[in-house]
Enquirer: 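Here it is, the structure in full.
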Amino acid sequence: MIPFVDLWRQHAPLARDIHAWLEEALRQSAFILGRQVALFEQEFAGYCGARFGVGVANGTDALTLALRGLGVGPGDCVLTVPNSFIATAEAVTNCGATPAFVEVDPVTYTMDPAQLERYLRLSCRRNAKGELIDIRTGGRLRAVIPVHLYGHPADMDATCELARGEGLVVIEDAAQAHGALYKGRRVGSLGDCACFSFYPAKNLGAMGDAGMVVTGDEKLYRRLTLLRDHGKAAKYEHAVVGCNSRLDELQAGVLRFKLSRLDAWNAARRERAADYARLLPAAFLDLPETAEGCEPVYHLYVVRVANREALTDSLSRQGIGWGIHYPVALHLTTAYSHLGYRRGEFPIAEQYADEIVSLPMFAELTTDEVAEVASAVLAHLGIPHLAVAEVGARL
Ligand SMILES: Cc1ncc(COP(=O)(O)O)c(C=O)c1O
């Protein structure tokens, strides 16, 4: 059996440190917005190359609060991609705005700047006040959210240039890309702000839900510290209507241990991705590719195959874990049917939703296990079967 992900393998070597920290936290009994949260905010923002970090309850809240903090709300429209986890669009809806979608690049699966340029030119107009109006939704276009999907950075230079040329803010959805590099810079330092999830299975994961917004914008930072904590400027002094979305002290302490290991874990993921690339038959499967200047962190290792169900059935029979991220493009989900999109509007995202399969990928996965997965795929494809040992010998 090869699991899709095995979190115990990550936690076993950390168990003593984590136990010691939990005991210490119990002794201190200061669980909300304490020293560990402040330190983790500084350390993680610094790691990303950003000045400020605001810890929040989860990645969805990070996106929602970032939008609210930047003044996006009812009557506004926000552009993102159709092939993300639903949280990306949900955050837009949660802040009162409406999402609209831009097609993705066929190689990187991330927002295609050429399609963004086309959208801005053909699907928007200026009103009498000079505001940019999204023709489909009638909303004022305010922001763009590129998603660094599966750990591969979106083309941020071109995206930011186009967005800023129209006065739009850029929010990175970096929930799947902790530590990924774009032209030598870490994701999180590329847009006006970036939003991270520390959901347990992420490259940097908590022991529960957690998230963070990182930014270089001091005004946004100050506003976010209010918004996440009931708008609190001082005790019982509420400057704005906020919410309760605080990162808790226990999670922050655990995340600090893990942050020191993130680069090593990401390096291991890259090595396993290289193993897959050597062993899987590129003539029969579409394998992940890397855009020039990018160093992805392989949150997921996603291949594409025409007859997906046959492959996933076969993997299940052979005891190999797998996933689909995500089976329905956002514009076609029931939750967003009210937006009126039709099948065929985003051919790449739609085709990929039907063909993608995520193979086992986590930092502790071994080369032998990758060889076993590859062998199972070869067996399914009916390619002259290579014994696991032979596949391993090719590594
Ligand atoms: C791309 C993307 N955005 C946002 C989120 C939301 O994060 P969370 O689950 O912490 O709310 C996720 C989490 O799965 C994600 O993958």
Side-chain angles (χ1 to χ4, degrees), residues 4-5 7 40 44 48 53-68 78-95 99 101-102 104-105 108-111 143-154 156 159 170-180 187-188 190-191 193-214 224 228 243-248 251-252 254-255 258 269 296-302 323-331 333 335-336 349 352-353 356 358 361-362:
F4 178 63
V5 65
L7 285 180
F40 180 57
F44 188 69
C48 297
V54 182
V56 296
N58 53 64
T60 313
D61 280 5
L63 287 162
T64 308
L65 293 178
L67 287 159
R68 283 187 65 188
V78 176
L79 295 180
T80 188
V81 287
N83 64 338
S84 183
F85 181 56
I86 193 164
T88 315
E90 224 171 27
V92 176
T93 309
N94 287 346
C95 80
F101 302 106
V102 172
V104 290
D105 177 273
T108 64
Y109 298 41
T110 61
M111 185 178 280
V144 180
I145 309 181
V147 180
H148 305 310
L149 197 73
Y150 310 150
H152 190 296
M156 291 302 293
T159 303
V170 179
I171 299 171
E172 299 171 64
D173 184 337
Q176 302 189 358
H178 319 70
V187 304
L190 308 167
C193 66
C195 300
F196 289 87
S197 163
F198 304 115
Y199 181 78
K202 298 295 193 224
N203 290 39
L204 179 62
M207 284 165 55
D209 277 313
M212 194 181 292
V213 184
V214 302
L224 288 170
R228 68 143 173 217
C243 64
N244 177 357
S245 183
R246 298 175 296 226
L247 170 61
D248 79 63
Q251 300 301 347
V254 169
L255 286 162
K258 291 193 176 188
R269 285 174 183 268
V297 289
Y298 295 98
H299 172 57
L300 296 167
Y301 190 85
V302 178
I324 298 176
H325 302 87
Y326 299 92
V328 183
L330 294 179
H331 65 290
T333 54
Y336 282 111
Y352 286 12
I356 46 178
S358 309
M361 172 54 80
F362 48 98

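Atoms within a ligand are numbered from 1 in the order they appear, just like the ligands themselves.
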Enquirer: For atom 3 (N) of ligand 1, find the nearest protein heavy atom and state the residue, atom name and distance (0.1 Å precision).
Expert: Asp173 OD2, 2.8 Å
Enquirer: Is any side-chain heavy atom of Met111 less than 4.5 Å from a side-chain heavy atom of Val144?
Expert: yes
Enquirer: Which atoms of ligand 1 have any heavy atom of Asn58 under 4.0 Å away?
Expert: 10 (O), 11 (O)
Enquirer: Taking the side chain as every heavy atom from C-beta outward, state whether Asp173 and Pro146 have any pair of such atoms under 4.5 Å apart.
Expert: no
Enquirer: Quick one: nearest non-hydrogen protein atom to atom 16 (O) of ligand 1, plus distance?
Expert: Gln176 NE2, 2.9 Å
Enquirer: Please identify which atoms of ligand 1 are closer than 4.0 Å to at least one heavy atom of Tyr326.
Expert: 16 (O)
Enquirer: Could you tell me if the side chain of Glu90 sits less than 4.5 Å from the side chain of Thr60, heavy atoms only?
Expert: yes
Enquirer: For atom 13 (C) of ligand 1, which candidate among His299, Lys202, Glu90 holds the nearest heavy atom?
Expert: Lys202
Enquirer: Over 60° means perpendicular and under 30° means parallel, so tell me whether Phe85 and Tyr326 are parallel, tilted or perpendicular.
Expert: tilted
Enquirer: Does only the side chain of Thr88 get under 4.0 Å from ligand 1, or the backbone, or both, or neither? Count heavy atoms.
Expert: side chain
Enquirer: Flag the pair Val147 / Tyr109 as yes when at least one side-chain heavy-atom distance between them is below 4.5 Å, and no otherwise.
Expert: no
Enquirer: Can you find a pair of side-chain heavy atoms, one from Phe198 and one from Gln251, that are under 4.5 Å apart?
Expert: no
Enquirer: If you count the atoms of ligand 1 from 1 in the order shown, which ones are under 4.0 Å from a heavy atom of Thr60?
Expert: 6 (C), 7 (O), 8 (P), 11 (O)
Enquirer: Begin with the C-alpha distance, continue with both residues' side-chain angles, and end with the deciding distance and a verdict on side-chain contact (heavy atoms from CB on, under 4.5 Å) for Leu255 and Phe44.
Expert: CA-CA 9 Å; Leu255 286 162; Phe44 188 69; over 6 Å; no
Enquirer: What atoms of ligand 1 come within less than 4.0 Å of a heavy atom belonging to Gly59?
Expert: 6 (C), 7 (O), 8 (P), 10 (O), 11 (O)
Enquirer: What residue and atom, counting heavy atoms only, is the protein's closest point to atom 15 (C) of ligand 1, and at what distance?
Expert: Ala175 CB, 3.5 Å
Enquirer: Among all protein heavy atoms, pick the one closest to atom 9 (O) of ligand 1 and tell me residue, atom and distance.
Expert: Ser197 OG, 4.0 Å
Enquirer: Does ligand 1 have any atom that is closer than 4.0 Å to a heavy atom of Tyr150?
Expert: no
Enquirer: I'd like to know if Gly211 contacts ligand 1, where contact means a heavy-atom distance under 4.0 Å to any ligand atom.
Expert: no
Enquirer: Taking only heavy atoms of Ser84, which atoms of ligand 1 are found under 4.0 Å from at least one of them?
Expert: 1 (C)
Enquirer: Does the side-chain contact (heavy atoms from CB on, under 4.5 Å) test come out yes or no for Ile324 and Ser358, once each step is laid out?
Expert: CA-CA 6 Å; Ile324 298 176; Ser358 309; 5.9 Å; no
Enquirer: Please walk me through it: do Ile145 and Thr88 pass side-chain contact (heavy atoms from CB on, under 4.5 Å)?
Expert: CA-CA 8 Å; Ile145 309 181; Thr88 315; 3.9 Å; yes
Enquirer: His148: heavy atom below 4.0 Å from ligand 1, yes or no?
Expert: no
Enquirer: List the steps and the verdict of side-chain contact (heavy atoms from CB on, under 4.5 Å) for Arg228 and Val54.
Expert: CA-CA 8 Å; Arg228 68 143 173 217; Val54 182; 3.5 Å; yes
Enquirer: Would you mind listing which atoms of ligand 1 come within a distance below 4.0 Å of any non-hydrogen atom of Ala87?
Expert: 4 (C), 5 (C), 6 (C)
